[in-house]
Amino acid sequence: MAKTKCRVVVRSEYCKGCNLCIAYCKKGVLAPSEGLNKAGYHYATPDDEKECTGCRVCVLVCPEVAIEVYGE
Amino acid sequence: MAKTKCRVVVRSEYCKGCNLCIAYCKKGVLAPSEGLNKAGYHYATPDDEKECTGCRVCVLVCPEVAIEVYGE
Amino acid sequence: MNKVFMSGNHAFAEAAIRAGCRSYFGYPITPQNELGEYMAEHLPKSGGVFVQSESETAAINMVIGAAAAGARVMTSSSSPGISLKQEGISFLAGFQLPAVIVNVMRGGPGLGNIAPAQGDYFQATRGGGHGDYRTPVFAPGSVQEVADLTRVAFDVADRYRTPVMILGDGMLGQMKEPVEFPDMLVDLPEKEWALRGRGEGASRYMASLILDVMEMERHNWELVRKYQAITKNETLYEGYMLDDAKIVAIAYGTTARIARAAIKRVRKEGVPAGLLRPITLWPFPKEPLQELARRIEDFVVFEMSTGQMVEDVLLSLEGRGRVAFHGRPGGVVPTPVEFSRILYREYQRQVKSEK
Amino acid sequence: MNKVFMSGNHAFAEAAIRAGCRSYFGYPITPQNELGEYMAEHLPKSGGVFVQSESETAAINMVIGAAAAGARVMTSSSSPGISLKQEGISFLAGFQLPAVIVNVMRGGPGLGNIAPAQGDYFQATRGGGHGDYRTPVFAPGSVQEVADLTRVAFDVADRYRTPVMILGDGMLGQMKEPVEFPDMLVDLPEKEWALRGRGEGASRYMASLILDVMEMERHNWELVRKYQAITKNETLYEGYMLDDAKIVAIAYGTTARIARAAIKRVRKEGVPAGLLRPITLWPFPKEPLQELARRIEDFVVFEMSTGQMVEDVLLSLEGRGRVAFHGRPGGVVPTPVEFSRILYREYQRQVKSEK
Amino acid sequence: MLVKILFAGSGGQGVLTMGNILGNAAMIEDFHTTYLPAYGAAVRGGTANCTICISDEEIASPVASVPDFVVALNHPSAASFSTRLEPGGQMLYNSDLVGELISRGDITMFPVPANDIAKGIGSERSANMVMLGAFIKLTNVLKVDSIYKSVEYMLGAKKKLVEITNRAVEEGYNGFPFGNGSL
Amino acid sequence: MLVKILFAGSGGQGVLTMGNILGNAAMIEDFHTTYLPAYGAAVRGGTANCTICISDEEIASPVASVPDFVVALNHPSAASFSTRLEPGGQMLYNSDLVGELISRGDITMFPVPANDIAKGIGSERSANMVMLGAFIKLTNVLKVDSIYKSVEYMLGAKKKLVEITNRAVEEGYNGFPFGNGSL
Amino acid sequence: MKLLNKWPSYYKKDVVTHYCPGCGHGIVHRIVAELLEEMDLGKRAVCVNPAGCAVLAYKYFDIDMIESAHGRGTAIATGVKRVKPELFVFTYQGDGDLSAIGTAETIHSANRGEHITVIFINNAVYGMTGGQMAPTTLLGQRTTTTLGGRNPKFDGYPLHITDMIAPLPGVIYAERTAINGPAGIQRTKKAIQAAFQVQVDGLGYSIVEVLSACPTNWKMTPEESFKWITEVMAKEYVPGVLTDKRGGPA
Amino acid sequence: MKLLNKWPSYYKKDVVTHYCPGCGHGIVHRIVAELLEEMDLGKRAVCVNPAGCAVLAYKYFDIDMIESAHGRGTAIATGVKRVKPELFVFTYQGDGDLSAIGTAETIHSANRGEHITVIFINNAVYGMTGGQMAPTTLLGQRTTTTLGGRNPKFDGYPLHITDMIAPLPGVIYAERTAINGPAGIQRTKKAIQAAFQVQVDGLGYSIVEVLSACPTNWKMTPEESFKWITEVMAKEYVPGVLTDKRGGPA
Ligand SMILES: Cc1ncc(C[n+]2csc(CCOP(=O)(O)OP(=O)(O)O)c2C)c(N)n1
Ligand SMILES: Cc1ncc(C[n+]2csc(CCOP(=O)(O)OP(=O)(O)O)c2C)c(N)n1
Ligand code: SF4
Ligand code: SF4
Ligand code: SF4
Ligand code: SF4
Ligand code: SF4
Ligand code: SF4
Ligand SMILES: [Mg+2]
Ligand SMILES: [Mg+2]
């Protein structure tokens, strides 16, 4: 299945730490940041070790258009 | 049937000559007046020769509460 | 002969159409129903839009939409209905959108009656809506002037991007007089600022919400500058027999007609009366009045109200002169004889005090 | 200690309840949401009625119903919502029904913003609704005064059977200050005229429709007489450091607080400034101002608007004195330093011109 | 010169049409003129009336609290408006529909059998125009020709209607007076 | 005397509660006092702040465009409001949540490890009250006793809560200063 | 011989109404007055009359009354009833009043289940202002603002507002009847009686929509009007009980 | 690697919204922006934004926009569309805006069958003003004006306004969806696409009601909010197509 490995990027300053992407990513790629962004939120951060399938569910649920998914 | 003869009285100054009572009296008791009342209407007038049954349909349809029906 | 014998209400509508107005949104109310009815008959024929809205509130908001899209647009109502439009008029002012609103006044407050009155002067000139704004207010005194001022109202609305009100009364709306209309305006210029879809250009938005207070303040002062320009350029009034006048009546619309007749009468009895008739109620012809106050001591304000324009007269005179007020509210139409008596009385007072 | 630390919005509500108001109808709008929320929490507890209406228009009409049935009743809103109530307020005036309407003003026109402003002065004092009527307008300057004047407002409303407006702004509504409330009013007298079913007596009706113009005119003049009585008996104002003043600031509500601080400041620099603070905006304290004008030449009007009350000042002064205006519209809250500068500048001008 | 005329009758009798035609005719003769329908009654039906002013100067108020002439098409309006006339004023009334009236010493009343005459020319609905014709003859306030023109202008394309209408005006005009005017 | 204090932090940190307690305490000491929450943002969440003025005279404006003190509970508010202080002004900040700040030469900044201390007394949610205690110690604007009374009055029946809250105030008060204030 | 039809005691005698000949308002007025007496409600009744042809209803009903701004009847009724629940409160409204400008008030008073009764006179036209289109005007019907007949493309469709609110849980009873002859009049009286009883029993909101003639603006005789109601109007607005939750939720 | 999720070109980039974390408005905004691009409508679109949390939507959408007075969106849209029928006109409204103060405008624009599209964000609360009861608030739901939970006795019932207008002949398409997870979001996009297409095809009025989270005023996390939508809100307001007259009258 996961032939191509994809990569997810969070525009951290736009993220409000709602955690929806984290909740809905089946692959557990995303997690809350330790630190805060300028607005004071624990933004979502991808764990590049985890397998991102490029399904873009995270993009679908993100209210802030803060996620970019890269793939082939 | 028509044991008791009833009598209908039109308060002519309140009548606006809409003719509804005339139209709905099955016994044809009522008819438009020749002359006009003060407001300028041909008011309804009973023909006492005709048999009024006291059914009060005329009262029911009169928008002006202009009709009185007398009986036993 | 180009004259037609027409009611004020119809003349409002016909003049609007000739001014290029192709959209009307309104809700029936006496004594101005014929205005909307004329629009219902004539607008669709000329490819225009007539919508009988579900309320006056809806109507004024449809007006906002049509104006935002660049149309010349009109709504009309009478006193209670105009009250319901106040929020929308404030929005038009905030958005800086042009529109013409006709108020054919009737007796008030509340449901009042459907007779002619001038009790909405404050509402019209002080902005019955919220916030710092003003609306130019035109007050025609004849059906002919209805035709003429309606054209002017559309032009002023577009030139300054502002809602404009025309203030008539039940008498003016209902009565017929001979009237000659200006030609049909064609090829109105496109409004650059109007919404029409961004197309290939930048997107536009219209908002009256300005959360930043400094920006909002700038916006408020920008509006003030606009109002100053309107005051400078668009103030209209008419003088009658003022040259040798020693007592001046001030009246607008229907009362001005009656005052004029009264002046003719009292002149015959040797009373040197004249008339200043404000044609714009806001901006009020303050300077002409001040000018008069240089040489005239006595002023009489006639209104079909308990006294509203009289405040503008007092504001204009700044303490000069003596101002008498005679008002007939509630739908009573005063007579020339009645006004004559007042003018005569006030003049006698003057003569006596001069002795 | 009977003081509590409370916001203006809550104080409006609490004071209303203590004035015997057991019914509130309103629609949310910032910056006065806490008023309705307080009512929602406290009224039902005391057997009262809280209804969040579907709109401000509905709210003011529910107020009409409750007032007609004899209840002490309140509604509140902020600028755009107050515009929507104008038709209803005109009806209240026509019906001669008592009710208290709170306007916690914000920036305008249109949606404006939710910052404090004083741009609805004209609307409040001139009647934003149609027809010849006036509403008494109270302008509290502190949370304590919110509590005190709310009580007065209910009393005036009942005494004269008139809608009464209390005009605050977003600052007054939102801020907390120590406040002491008057005791709870109990056993309010029955209102003889209220609708309660005819019972065994004659039926009553309330109508603002008066088709007969002569009767309508009588009604209008009857209202005028009432307004004259209110003017005579209910005008409120406060003077501050007026005795030796050579320049007088005129300001109400929030701006009056700031003006007072500015006066303290400039006094230290030798500027003999004082303050006249209208507490009722209508009736406006015309006589006290005229009184001052006998000995004082210079007046400065401060408003959080582009200039509305300044007209009442001019009307009161009738040409006497020199009136400067300094306004900050759009939600900007001016500072004491800013006002001081103006007072200082105007006083220098005076000194120079005297030389 | 300022003449104020009040036309009154019941809703369907064409009172407003008469007024309109007269006002329009006055305009044709370049007079100042106003027409004001009565809209005091909230609900239609019942009576209708309108006031026409004709003058060689501007007209102040289109209202006639005290008209110079009343033209009454039915009994209730004759009864009520006769009381409003100026002393010395004149009233024409449709004698076919107006019964006995209480007399006022100081006005003159002229009966016009308008329905009869209209029936005579085959158009009972034109009784109002008969009255108008009679009114013109009585008052001479306008030329009868102007009425004809006005009718033509206002009814326009409807040739037949114009013809019969003007015929009615003519009958009223030529036949007047129809009887004893003093009451 | 007129002191203007700005409390700022994120929505859930109890910034408005602090302000209320302080204002109420000032009232207990019979000072004039005002409290003004920031309601500029149309939508909740994110940051919250309020201004308290305390004075022995009437207070003109409850607004503090330039406060005398800032008490910042989190990083964004420390960063943004430090710029608003009067020259010579003082800022307390929750050093557990505030990272590195750009320094301003003309103000003094005092770190308070409020979360840590609050955790220490078993109630991390009381970090705000630790800050309040420290603030009172720093400024002496009111007696710390008045704060205790104010807490009691405002939290009323909830004995446990009153106790822990006042404990937090005490810790902040007694422990201050916690470190080097100059930045 | 004695008088068989007693004069309704809550109807003012010796007053000539301002209604046109054959107008439905007069008939409904009489029914309401009779019910106020028969149900012994007149003494504690407050009627809110509309802006519309019935604006002068207070001249006819001999009970406590209050006029409303156009469309706001149910808001006023809400105010009265909430502060004086012991009163019997009903509105009397036209179709323009209730279903155009008063739409929001109508729907929300119904949705709140206010304990009021609404008598809704649907004559498919704005009577008082001279015959403009109403929301209830039929397709193709000529009015002064739909000269070529109501055209759905521009003017929308006949609005069935009573049907819209009938399903609301707070609406306990809703019925549509027609004043189109003796039977319709009798049915109307029964319907209003049922609606009144809902309020008396403290159940909630009730409404009766009455199809009613406006001969003047329809340009018909009263008789023709009755016929038009039966043959045309009642086809669009079918009479019947629209909801009856007196026994509990539907 | 290339970017798989293209930025919707009618959505302004590099702007931080003012919405709270997890707010449904942001999600719906993105969907709408995507559709404006996919359906090639952005260039001729005019959006009417509400008074409500979406009052600043003009800062996010990169198309022509106009703000409305609270509740008047569809009246403004009517004005725009009637005078410029070539434009693509839609409103974006909250539940307070559309179903409280805007009730009359909602119902009558629908009944006139205006050729506009309405996006109706139902979050069962007044978001912008801080969480008061909305007409759509559920029974028992706590808000700042229903502290003990909405009580039908005083506060009325949850109003199903979309269901009320769906049967109107002018309403060509009405659907209710829920932003409660990826599937709901996708369904919402399809629904809005269908509604937009109705206007493109010149058929009439279309509306999509979107159940949408207000975590702030619900006092829940965004995740809990999604769950609450599914488990509570969608039980009262059942998602689905409420009317579909694209093939002709229902
Ligand atoms: C705010 C306002 N708008 C308009 C009017 C004018 N108006 C009075 S009644 C009415 C409509 C009457 O129609 P309807 O409600 O159907 O009652 P009907 O006369 O047909 O019985 C209108 C538009 C008004 N009085 N107030
Ligand atoms: C006339 C008027 N009344 C009230 C308001 C205040 N107001 C703004 S938005 C709003 C309600 C917002 O709720 P909703 O429409 O559900 O939108 P949401 O914020 O929940 O998305 C209110 C009451 C206003 N701006 N104008
Ligand atoms: S694209 Fe899919 S797999 Fe990758 S992070 Fe997003 S949700 Fe997870
Ligand atoms: S969904 Fe978006 S806003 Fe929410 S946490 Fe993920 S990236 Fe951040
Ligand atoms: S009571 Fe019956 S029979 Fe007698 S007149 Fe009336 S309808 Fe005719
Ligand atoms: S029904 Fe009444 S008003 Fe009509 S004609 Fe008969 S008596 Fe007269
Ligand atoms: S206009 Fe119509 S509704 Fe009004 S009174 Fe006349 S017939 Fe009745
Ligand atoms: S208050 Fe609610 S609706 Fe408004 S932005 Fe926040 S979460 Fe969204
Ligand atoms: Mg009707
Ligand atoms: Mg909402």
Select one option (side chain, backbone, both, neither) describing which atoms of D:Ile82 are under 4.5 Å from chain C's heavy atoms.
-> neither
Below 4.5 Å from any heavy atom of chain C, which atoms of D:Leu223 appear? Answer side chain, backbone, both or neither.
-> side chain
Heavy-atom pairs under 4.5 Å with chain D are the metric here; pick the option from [options] that has the most.
{"options": "C:Glu215, C:Glu87, C:Arg218, C:Gln86", "value": "C:Glu87"}
{"options": "C:Gly330, C:Ala124, C:Pro329", "value": "C:Pro329"}
{"options": "C:Gly88, C:Gly327, C:Gly81, C:Ala207", "value": "C:Gly327"}
{"options": "C:Arg126, C:Arg320, C:His219, C:Met105", "value": "C:Arg126"}

Using a cut-off of under 4.5 Å on heavy-atom pairs, state which of [options] scores highest against chain C.
{"options": "D:Gly331, D:Gly112, D:Gly307", "answer": "D:Gly112"}
{"options": "D:Asp120, D:Thr125, D:Leu209", "answer": "D:Leu209"}
{"options": "D:Ile210, D:Leu314, D:Val333, D:Asp212", "answer": "D:Ile210"}
{"options": "D:Leu84, D:Val224, D:Thr57", "answer": "D:Leu84"}
{"options": "D:Ser78, D:Gly94, D:Ser90", "answer": "D:Ser90"}
{"options": "D:Pro80, D:Gly127, D:Gly107, D:Gly129", "answer": "D:Pro80"}

State which residues pass side-chain contact (heavy atoms from CB on, under 4.5 Å) with C:Val332; sequence neighbours excluded, sorted by chain then number.
-> C:Arg328, D:Val213, D:Met214, D:Glu217
Taking atom [atom1] of [X] as the centre, does the number of heavy atoms from other residues, nucleotides or ligands within less than 6.0 Å exceed 12?
{"X": "D:Tyr160", "atom1": "OH", "value": "yes"}
{"X": "D:Glu287", "atom1": "CD", "value": "no"}
{"X": "C:Tyr205", "atom1": "OH", "value": "no"}

Residues in salt bridge (charged side-chain N to carboxylate O under 4.0 Å, His left out) contact with D:Arg134, at least two apart in sequence or another chain = C:Glu311
What's the spacing between [X] [atom1] and [Y] [atom2] if we round to 0.5 Å?
{"X": "D:Asn113", "Y": "C:Leu211", "atom1": "CG", "atom2": "CG", "result": "6.5 Å"}
{"X": "C:Gln123", "Y": "D:Gln123", "atom1": "CD", "atom2": "CD", "result": "9.5 Å"}
{"X": "C:Ser83", "Y": "D:Lys85", "atom1": "OG", "atom2": "NZ", "result": "14.0 Å"}

Is the side chain of [X] donor-acceptor paired with the backbone N or O of [Y] at a distance under 3.5 Å, no angle test?
{"X": "D:Ser208", "Y": "C:Leu111", "value": "yes"}
{"X": "C:His130", "Y": "D:Pro109", "value": "no"}
{"X": "D:Asn220", "Y": "C:Gly108", "value": "yes"}

Flag the pair C:Gln308 / D:Asp132 as yes when at least one side-chain heavy-atom distance between them is below 4.5 Å, and no otherwise.
-> yes
